[in-house]
Amino acid sequence: MAGTREGLMDKIVALCKRRGFVFQCSEIYGGLNGFWDYGPLGVELKRNVREAWWQDMVSRHDPLDAPAGAPQPYQMVGVETSIIMHPQVWKCSGHYDLFVDKMVDCKECKGRFRADHISSIPCPVKPSKMVGQHDKCSLTAPRDFNLMFKTIIGALGTEEDAAFLRPETAQGIFVNFKNVCDSTRVKVPFGICQIGKSFRNEITPRNFTFRSREFEQMEIEFFCPPDESPQWYAYWRDRRFAWYTRLGIKTDNLRLRDHAADELSHYSCGTADVEYAFPFLDGGEYGELEGIAHRGDFDLRSHMEGKLKNENGQLLVETGPDGLPKWRGSGKDLTYFDDQTRQRYTPHVIEPSAGADRGTLAFLCEAYHEDEAPDDKGQLQSRVVMRFHPRIAPIKAAVFPLIKKDGQPEQAKAVYRELREAGIACTYDEQAAIGKRYRRQDEIGTPWCLTIDGETSNDGAVTLRDRDSLQQIRVPIKEVVAEIQRRLRG
RNA sequence: GCGGGUGUAGCUCAAUGGUAGAGCGCCAGCCUUCCAAGCUGGUUGUGAGGGUUCGAUUCCCUUCACCCGCUCCA
């Protein structure tokens, strides 16, 4: 069933390595499961993805007018917080408890179970009994199952100095909510954005870069008044879906899946995933690119009061055996005072959380095409072409002399330098036949090639060749930079 | 974590218990006035570690990575 789709993924992975998009981490030492490196083209592609996100969400956002679909104008600001945070952050966020469960494995049935739950989990072999109660069960001793990466702070540090690499960038935003409010004059509603690495000891890294142990997130925490949060949730849900389609993901391959009511966290009034039909999945299956979650006031309250727990639909501070909070919050006031309405409240949060590596992988998969183009005798030959949206293409333009003499290389180099100086990622190639050079650029997704020929000296123009249509037009050299910039703006 | 498969040049593949070949690619040059296959020359390898052996890419063990299925994915 998945035959051709699997073959497709193999080709994409091979191209990524061959052309320097993605390499296995530490490959010369045999690789390291769950980690990947980006090569010279991959880093450009991923930077473009990040840059597109940051521009669209932050730097080009207009805080003076409401964007289409938004209930009202709003501000967007950025932060860059550290990867290692105060350990208490993860205790209050709930990650600590979830990430340090003891697990037992059954050597007989190969099952893996949470040690504190085995008395209530039916044995897979004999469901009438619970795990460990069937006489064939062969359980290991409870073992630590650390889903967060642990590290030690300080050269002489001991276990008491243990800290964790963040499993999400979101908490760096929440703990800086007050700092941002106090330092920037933002008013609710507003969003704080962050791009950065996160780390999770995933059980099974799989499917190329899709599930990695070190990965990069692009997260927004959008703070709004509680009674307006449903509208903002709907806005961000649609806005984020449209972001992918505008960068070239076909809607055939993308879907917005609303979580069913029983999937939702108790405090959430909505979560939706943007999902992509990756080639490594069976037909009809999708993998998550981004989750847009309505998180209520859960996070700010957790960092005020301490770790929260759901009791009969109410969020209450979880207490320990001594009746005190199990994990104390900061005790700082993270509420917001609206001086228009003279009301104080804890903002609700809409969280669009995107995976930068997953997005990059989706753009790679979406771009991969095999089609046919004529050779110099007019015979159709197969061609591999990466149809990146120009905004994310690693290289925007390639400049060639048609032949390597008659002053053409000098003219081509001048055009190349002009593009460089204009900040356009471009490349120069005088090697081999012109057709071969076009194909090389096709395979790395360069949208436009500019060729200097014998006529250039007479008419001062070059041929601009389009990657997708193969069409060629003449463009005056004087207008080349402006033409590429115009096309990049779309 | 379990089970199955795979691992030879940058890529696709070949071969062998006795110095590893080809095509493509890449590089240098020639040729060339717009879509990869013209000419000359050059370039590179048995995933890692150990064992058996006079000698291992080949046989054995271990390990690592990748793929498939399960498990997991807070």
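All heavy atoms count here, side chains included; hydrogens, waters and symmetry mates do not. Letters A, B, ... mirror the listed sequences (proteins, then strands); counts begin at 1.
- With rounding to whole Å, A/Asp37 atom CG is found 12 Å from B/C66 atom P.
- Comparing B/G10 with B/G47, their C1' atoms are spaced 16 Å from each other, to the whole Å.
- In this entry B/U32 has no Watson-Crick or G-U wobble partner, no candidate having both defining distances under 3.5 Å.
- Nearest to the side-chain atoms of A/Thr451 among the listed nucleotides B/A74, B/C34, B/A36 stands B/C34.
- Comparing atom distances between the A/Asp282 side chain and each of B/G69, B/C34, B/G1 picks out B/G69 as nearest.
- Crowding of A/Arg440 atom CZ: a count of heavy atoms from other residues, nucleotides or ligands under 6.0 Å exceeding 12.
- At the heavy-atom level, A/Arg440 lies under 4.0 Å from the strands shown only through sugar-phosphate atoms.
- For the pair A/Glu443 CD and B/C24 C1', the computed distance is 12 Å after rounding to whole Å.
- Environment of CD in A/Glu410: crowded, with over 12 heavy atoms of neighbouring residues, nucleotides or ligands closer than 6.0 Å.
- Within the 4.0 angstrom heavy-atom criterion, only backbone atoms of the sugar-phosphate kind lie near A/Asn207; the bases stay farther away.
- No engagement by A/Ile28 is indicated, since no non-hydrogen atom pair under 4.0 Å with the nucleic acid exists.
- For the OP1/OP2 pair of B/U32 and a distance below 4.0 Å, the side-chain nitrogens and oxygens of A/Lys404 include no atom meeting the criterion.
- A gap of 44 Å separates the P atoms of B/C60 and B/U40, to the nearest Å.
- For the P atoms, the distance from B/U46 to B/U57 is 10 Å, rounded to whole Å.
- Annotation: B/U33 and B/G42 have their C1' atoms spaced 29 Å apart (nearest Å).
- Residue A/Phe208 is classed as a sugar-phosphate contact, given heavy-atom separations below 4.0 Å to backbone atoms only.
- When Watson-Crick and G-U wobble pairs are counted only if both distances are under 3.5 Å, B/U46 pairs with no nucleotide at all.
- Heavy-atom contacts from other residues, nucleotides or ligands closer than 6.0 Å to NE2 of A/His369 number more than 12.
- Searching all strands for a Watson-Crick or G-U wobble partner of B/G23 with both distances below 3.5 Å returns B/C11.
- Residue A/Gln431 contributes atom CD, which lies 17 Å from atom P of B/A36 at whole-angstrom precision.
- At the heavy-atom level, A/Asn33 lies under 4.0 Å from the strands shown only through sugar-phosphate atoms.
- Heavy-atom contacts from other residues, nucleotides or ligands closer than 6.0 Å to CZ of A/Arg328 number 12 or fewer.
- In terms of position along RNA chain B, the nucleotide closest to A/Arg439 lies nearer the 5' end than the nucleotide closest to the other residue of the pair A/Tyr29 and A/Arg439.
- Of the residues near RNA chain B, A/Val13 and A/Ala433, the one whose nearest nucleotide (by heavy atom distance) lies more toward the 5' end is A/Ala433.
- Counting to the nearest Å, the P atom of B/C67 and the CG atom of A/Asp10 are 9 Å from each other.
- A/Arg467 places its CZ atom 19 Å from the C1' atom of B/C34, with the value rounded to the nearest Å.
- Residue A/Arg206 has its side chain nearest to B/G1 when only B/C34, B/A36, B/G1 are considered.
- Taking 3.5 Å as the limit, the base of B/C73 and the side chain of A/Arg211 contain a donor-acceptor pair of atoms between them.
- To the nearest angstrom, C1' of B/C73 lies 13 Å from CZ of A/Phe280.
- Taking the C1' atom of each, B/A14 and B/A20 are spaced 10 Å apart, rounded to whole Å.
- A distance of about 6 Å separates the C1' atoms of B/G45 and B/U8, rounded to the whole Å.
- A/Glu288 places its CD atom 9 Å from the P atom of B/A74, with the value rounded to the nearest Å.
- Nearest nucleotide to the A/Lys436 side chain, out of B/G25, B/G69, B/A74: B/G25.
- Nucleotide B/C2 forms a Watson-Crick or G-U wobble pair with B/G69, both donor-acceptor distances falling under 3.5 Å.
- Between B/G7 and B/U43, the two P atoms lie 28 Å apart (nearest whole Å).
- Residue A/Arg295 contributes atom CZ, which lies 11 Å from atom C1' of B/A74 at whole-angstrom precision.
- Backbone-only engagement by A/Gln24 is indicated by non-hydrogen atom pairs under 4.0 Å involving sugar-phosphate atoms exclusively.
- Taking the six-membered ring where tryptophan is involved, the planes of A/Phe280 and A/Phe278 are essentially parallel, since the angle between them stays under 30° and well short of 60°.
- Side-chain proximity of A/Lys17 to B/G10, B/U33, B/C66: nearest is B/G10.
- Proximity note for A/His95 (side chain, C-beta onward) versus B/A74, B/C34, B/C72: the nearest is B/A74.
- At a threshold of 4.0 angstrom between heavy atoms, the contacts of A/Glu27 with the nucleic acid are absent.
- Put simply, the side chain of A/Thr81 reaches to within 4.5 Å of the side chain of A/Arg166, judged on heavy atoms.
- For a distance-only test at 3.5 Å, the side chain of A/Tyr438 qualifies as a donor-acceptor partner of the base of B/C34.
- Taking atom C1' on both nucleotides, B/C11 is separated from B/C30 by 27 Å, rounded to a whole Å.
- Distance from the side chain of A/Thr204 is smallest to B/G1 among B/U32, B/C34, B/G1.
- The closest side-chain donor-acceptor pair between A/Ser198 and A/Gln217 falls under 3.5 angstrom.
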A/Asp442 vs A/Arg383, salt bridge (Lys or Arg N to Asp or Glu O under 4.0 Å): CA-CA, chis, key distance, verdict: CA-CA 8 Å; A/Asp442 291 340; A/Arg383 151 178 107 132; 2.9 Å; yes
